[in-house]
Amino acid sequence: MTAATPATLTRLRQAVAKIEGQETDLRVGGQPFAFGVGTIDAALKGGLASACLHEIAPAMVRDFGAAAGFAFALAARAAKDGGDTLCIQTDFAAIESGDIYGPGCDLFGLQTRQLLILKVSHPHDALWAMEEALKCRALASVIVELPHDGPVADLTATRRLTLAAREGGRLGFLLRHRPTSLTGSVETRWEVAAVPSRPDQFGGLGRTAFVLSLTKNRHGPAGCWPVAWDHHDRVFSALSLGVAETAVDRPDRTPLIRAG
Amino acid sequence: MWLKRLSTDRIERRSSAPAKTPLIIVEPIKSALRISALNDAAAALGLRGGVPLADARAMYPALWVEDADRQADHVLLEAVADWCDRYTPLVGLDPLDGLFLDISGCAHLFGGERALADDIVSRLVRQGLNAQIGIADTVGCAWAAARYGETWQVAKGEMRSRLIALPLAALRLDGKILGALAQAGLKRIADVIDRPRAPLAARFGDGFLRRLDQALGREDESIAPRLPLPSYVAERRFPDPIGREDDVIGCIEHLAQELSLLLERRGEGARLLQIALFRTDGKVYRLEAGTGEPLRDPGRIKRLFIERLATAKDEHDPGFGYDMLRLSALVAERLDPVQSGLAGEDRQVELAHLVDRLSARFGARRLTRLVANDTHIPEFAVAAVPAQMARGASTVQPVAQDSLAPVRPVRLFSRPEVIDAIAEVPDGPPARFQWRRIMHEVIAAEGPERIAMEWWRDSEGHALTRDYFRVESKEGVRAWIYREGLYGREMTHLPEWRPKWFLHGLFA
């Protein structure tokens, strides 16, 4: 007997649920993958869905470092139970925004020995490689970097990637190098802004801090949360910025209101 | 095998001139342009190699004359050698115009030695090349038979009797020895074959006797093969050439199945595979694909070559089709059979296969793992090693951490970017800096972390010591920047010297 893929099982469950007339959760894939921050996990209904594609973009051009860090942090959490992480970069991306630096990744929580780096010359190759890699069940997650804000990862391309991620049950991250209004067929979309860290008692730099804006979420509300990343224990923690708690933007499943 | 008219054939097969036009190739020899090669038509006129061009022109003004091009001749010879690979994997070059083919054990595949020779000659004639073939037990005797022999096939017992009748030039001797021998009145092999050896060796050198012994089989001589001999080979020939990529891939799958049986019998797996595509017109393409783990699964071998063929589109052009495909395992390693798990495929195997496929498509150097180097210079601290080679790679030693935040950036620029920075005190961290036209106000900084270059890198001009700072801007941008050079200690001989600031990496 061979083990059925998670996607097959989910499809079967959905089919059964449809026959029984129950409302189903449209999410596919295995266990959602918790952030460890209550408010975020609540908005995501338990955590980041695996077997899906997630898009990460910097809020401003200068925030690229933070966006890359957030992607690496998620990859580090995904790789906790073993499995390698594949990073796909175009040559242009490496020149424009720097190479992935091994010692830094180690300190940040993403183990270098679990890291594979693929460099390609053309963005289309990057997407092709990602589609192949997402089908491989031995990887924990796949990160592809898109330096251009052009239409490379359009709806069709991201749809293909989503299907591949479903087939393999893998997590895929699209890391954009520039803020863009374009979005593809992704499960969630995050805009990451850097914020000053909370200094330690000697006035030095504190734990890495971000403000995460969830701008697209298929199964819950959008929102905005400041978080800190503990690279040692590989956990996120909520960070209060000393202002009022940030509000959740819109309620889940906004009721349709029709005039007339 | 002797390609008698190699140079003239090379020119004639490309030109539209009517056949039988006398063609000579000239080359400056002994301070005059002399004939170095000529075709049959020119030979029929009574011309010979070594005749000065002026004399030849005087006799036959209408001669077609070309300059010699040794390079092009060599390329053609290599191409023919490639093509001969279809008969035997052991093909050696005999510089200028010959090839050695070791056909021991192969001849019966083509219906015997005679049929094999006929096949080679007739196929070469169709390509516009004249070849003469000699088959014998020794390299020397075959060489002599191809060039001077009346019959091309020399049986085992009659080597001596055949050689006796031939001139001494048939022993592959250089002109100097031949001249000396002629002066002594020795012209045929019969003249020397029974003479006492010591005086011959004393007068004409050791090399002369060795050639004689090699021709007679008293001394071993082996062919130096042009290409490494594969350990495992599977090949298929087609009566009609195939050209469609699907057909080629289908055939590769069949060959992979044959190869995997061979590999399995010896308990080995392939680390380096090569597919050779023999085009009908004699061109041969070779595509290689490496693997990270020993491999013998036919399906995976096929997938590897699908990727390889997809990227190497410009490297191979089917033209009128391929009439032979050969799959060989150039490097093989021990591969013990493993019990496959009940719950589907092993993840490690799946990963190894993904790595192989991506490496086949994009090149082994493009898919890398990071391996630590023992140096404190940031840009040399890790090396990117091809993922197929990095089996059991060492882990990166963590840098000592003295801060809440990571002390090394996640992104490092291969070329540090020049920034404008203003520091409050000469040795202190910058108060603000401008990077890519944006001004960043520094609100927190840690450092300096002083990193001096290793002394042996001095000659490259990277000798200056760097003071690294981890800085955080008002907007939260965290960067790793450094000042090059120390005040008062380095660059003191330049009074106008100002420190330069660079941004080397970005923290998350």
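Side chains are part of it too, since the values below use all heavy atoms of this structure and drop only hydrogens, waters and symmetry mates.
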* **Max heavy-atom pair count under 4.5 Å with chain A, selected residue of B:Ile438, B:Val471, B:Val410** =>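 The answer is B:Val410.
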* Asked: Under a 4.5 Å heavy-atom cutoff, which of B:Val355, B:Leu506, B:Ile443, B:Val477 has the most pairs with chain A?
  ->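 Between B:Val355, B:Leu506, B:Ile443, B:Val477, the count favours B:Val477.
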* Cation-pi check, B:Arg361 onto A:Trp128 ring (under 6.0 Å, within 45° of axis) ->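 Geometry flag: set, cation within 6.0 Å and 45°.
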Please classify the contact of [X] with chain A as side chain, backbone, both or neither, using a heavy-atom distance under 4.5 Å.
X: B:Ala479; result: neither
X: B:Ser359; result: neither
X: B:Arg357; result: side chain

What part of [X] is in contact with chain B, defined as an atom under 4.5 angstrom from a non-hydrogen atom: side chain, backbone, both or neither?
X: A:Ile95; value: backbone
X: A:Leu139; value: side chain
X: A:Phe70; value: neither

* How many angstroms lie between atom NE2 of B:His440 and atom CZ of A:Arg62, to the nearest 0.5 angstrom? ->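 Here the interatomic distance stands at 7.5 Å.
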Salt bridge or not between [X] and [Y]? Use side-chain N to carboxylate O under 4.0 Å.
X: B:Arg366; Y: A:Asp91; answer: yes
X: A:Glu96; Y: B:Arg411; answer: no
X: A:Lys135; Y: B:Glu350; answer: no

If we define contacts as heavy-atom pairs under 4.5 Å, which of [options] has the most with chain B?
options: A:Ser97, A:Cys105, A:Ala71, A:Gly206; value: A:Ser97
options: A:Asp84, A:Leu110, A:Asp63; value: A:Asp84
options: A:Ser197, A:Ala209, A:Ser121, A:Ala73; value: A:Ser197
options: A:Leu116, A:Val192, A:Thr208; value: A:Leu116
options: A:Arg207, A:Gln111, A:His231; value: A:His231
options: A:Asp125, A:Ile88, A:Leu86, A:Asp230; value: A:Asp125

Take atom [atom1] in [X]; do more than 12 heavy atoms of anything else shown fall under 6.0 Å from it?
X: A:Arg160; atom1: CZ; answer: no
X: A:His232; atom1: NE2; answer: no
X: A:Asp233; atom1: CG; answer: yes
X: B:Lys474; atom1: NZ; answer: no
X: B:Arg436; atom1: CZ; answer: yes

Testing the basics here: between [X] and [Y], what is the closest heavy-atom pair and its distance to 0.1 Å?
X: B:Ala381; Y: A:Pro103; result: CB-CG, 4.4 Å
X: B:Arg369; Y: A:Arg113; result: NH1-O, 3.0 Å
X: B:Leu358; Y: A:Ala129; result: CD2-CB, 4.1 Å
X: B:Leu351; Y: A:Ala138; result: CB-CB, 3.6 Å
X: B:Ser414; Y: A:Asp99; result: CB-OD2, 3.8 Å
X: B:Arg478; Y: A:Val195; result: NH1-O, 2.9 Å

Heavy-atom donor-acceptor pair, [X] side chain to [Y] backbone, under 3.5 Å:
X: B:His353; Y: A:Cys136; result: no
X: A:Tyr101; Y: B:Pro378; result: yes
X: B:Glu472; Y: A:Leu205; result: no

* To do: Start with the C-alpha gap between A:Leu107 and B:Val407, add the side-chain angles, then the distance that decides, and say whether side-chain contact (heavy atoms from CB on, under 4.5 Å) holds.
  => CA-CA 8 Å; A:Leu107 291 173; B:Val407 296; 3.6 Å; yes
* To do: Walk me through it: do B:Phe362 and A:Leu118 pass the test side-chain contact (heavy atoms from CB on, under 4.5 Å)?
  => CA-CA 9 Å; B:Phe362 299 108; A:Leu118 175 67; 4.0 Å; yes
* **A:Ile117 vs B:Leu370 side-chain heavy atoms within contact, under 4.5 Å** =>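 With C-beta onward as the side chain, the pair touches.
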